[in-house]
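Data block below; observations after.
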Amino acid sequence: MLGRVNHIAIAVPDLAAATATYRDTLGARVSQAQALPEHGVTVVFVELSNTKVELLEPLGAGSPIAAFLEKKPAGGMHHICYEVDDIIAVRDRLKAAGARVLGDGEPKIGAHGKPVLFLHPKDFCGTLVELEEV
């Protein structure tokens, strides 16, 4: 059901500073910042040879990243994203198995312009899981 790891997301309190750390200190290639109001975040992708690291900063008062950063002000790992071939089929299979899909259960368009869903961390070893259709 799962494909490769698409990205690992890290919530950060200051996106510009985090971007500079990855770009200037670690020498990584980073994308331009992209605001995603529907998801309440601004993101930057650190491009690696085998995957990406997504740096997330809160966007707007209702941002889920703002709530995360209240608990962990310095930031930290937020979620892991796996690729799937058919997000609707995977969603239906997971729901039938008792997994909780966050939000209204319908895929939203993510930062890569593809459908995404998030799964409740209590159902996946304490880790928020994002699924992205490839």
Side-chain angles (χ1 to χ4, degrees):
M1 183 171 13
L2 295 180
R4 71 181 193 97
V5 172
N6 182 279
H7 65 268
I8 297 167
I10 300 172
V12 300
D14 182 338
L15 189 58
T19 299
T21 296
Y22 274 85
R23 182 189 60 232
D24 303 337
T25 305
L26 294 172
R29 188 175 68 237
V30 299
S31 71
Q32 294 295 316
Q34 179 183 2
L36 300 171
E38 185 175 337
H39 296 279
V41 296
T42 301
V43 302
V44 165
F45 284 96
V46 178
E47 303 288 337
L48 305 171
S49 63
N50 59 344
T51 193
K52 295 177 280 299
V53 173
E54 179 183 39
L55 304 174
L56 303 164
E57 179 182 68
L59 177 64
S63 172
I65 301 305
F68 180 92
L69 289 172
E70 284 177 17
K71 296 175 188 163
K72 295 183 176 189
M77 186 176 149
H78 185 261
H79 67 268
I80 187 166
C81 177
Y82 299 105
E83 295 178 351
V84 297
D85 289 329
D86 182 341
I87 201 163
I88 298 299
V90 170
R91 177 203 60 194
D92 294 347
R93 181 175 168 189
L94 288 167
K95 285 175 80 172
R100 291 172 280 181
V101 177
L102 297 179
D104 63 7
E106 292 301 318
K108 292 186 168 81
I109 299 302
H112 300 115
K114 298 178 181 179
V116 299
L117 287 172
F118 285 88
L119 307 175
H120 201 291
K122 289 184 179 178
D123 298 336
F124 296 94
C125 308
T127 302
L128 180 62
V129 171
E130 179 181 13
L131 302 175
E132 179 176 295
E133 188 171 85
V134 292

* Asked: Do you know the tightest heavy-atom contact between Leu15 and Ala33?
  ->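 Shortest heavy-atom contact: CD2-CB, 4.3 Å.
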* Of all heavy-atom pairs between Pro13 and Pro73, which one has the smallest distance, and what is that distance? -> CG-O, 3.5 Å
* **Side chains of His7 and Glu132, donor plus acceptor under 3.5 Å** => no
* Using links of under 4.5 Å between side-chain heavy atoms of ILVMFWY residues, direct or through other members, which residues join Val5 in one cluster? ->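 Besides Val5, the cluster holds Met1, Leu2, Ile8, Met77, Ile80, Tyr82, Val84, Ile87, Ile88, Val90, Leu94, Val101, Leu117, Leu119, Phe124, Val129, Leu131.
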* Atom pair CZ (Arg29) and CG (Leu26), whose distance is rounded to the nearest 0.5 Å ->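 Taking CZ in Arg29 and CG in Leu26, the distance rounds to 14.5 Å.
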* **Euclidean distance, Ile10 CD1 relative to His79 NE2, rounded to 0.5 Å** =>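 Result: 10.5 Å between the selected atoms.
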* To do: Apply the test side chain to side chain contact (heavy atoms under 4.5 Å, CB included) to residues Leu36 and Val43: give CA-CA distance (whole Å), side-chain angles for both, the deciding distance (0.1 Å), then the verdict.
  => CA-CA 8 Å; Leu36 300 171; Val43 302; 4.1 Å; yes
* Treating Ile, Leu, Val, Met, Phe, Trp and Tyr as nodes and any side-chain heavy-atom pair under 4.5 angstrom as an edge, say whether Val53 and Val30 lie in one connected cluster. => yes
* Asked: Between Val12 and Phe68, is there a shared hydrophobic cluster once you connect ILVMFWY residues whose side-chain heavy atoms come closer than 4.5 Å?
  -> no
* Looking only at atom types and distance, does a side-chain atom of Thr42 sit under 3.5 Å from a main-chain N or O of Leu59, one as donor and one as acceptor? -> no
* Side-chain donor/acceptor of Glu130 to backbone N/O of Cys81, under 3.5 Å ->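 No; judged by distance alone, with no hydrogens or angles, the pair does not exist.
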Is [Y] close to [X] at the side-chain level, that is, under 4.5 Å between some pair of heavy atoms?
X: Lys95; Y: Arg100; result: no
X: Leu69; Y: Pro58; result: yes
X: Leu128; Y: Leu102; result: yes
X: Val116; Y: His39; result: yes

* Relative to the ring of His112, is the ring of Phe45 parallel (under 30°), tilted (30 to 60°) or perpendicular (over 60°)? ->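 Because their plane-to-plane angle lies in the 30° to 60° range, the rings of Phe45 and His112 count as tilted.
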* Asked: salt bridge (charged side-chain N to carboxylate O under 4.0 Å, His left out): which pairs involve residues 72-93, sequence neighbours left out?
  ->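 Applying salt bridge (charged side-chain N to carboxylate O under 4.0 Å, His left out) to every pair that reaches into residues 72-93, excluding sequence neighbours, yields Arg4-Glu83, Arg91-Glu106.
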* Asked: Going through the distances and angles, do Val41 and Glu54 end up as a side chain to side chain contact (heavy atoms under 4.5 Å, CB included)?
  -> CA-CA 11 Å; Val41 296; Glu54 179 183 39; 5.7 Å; no
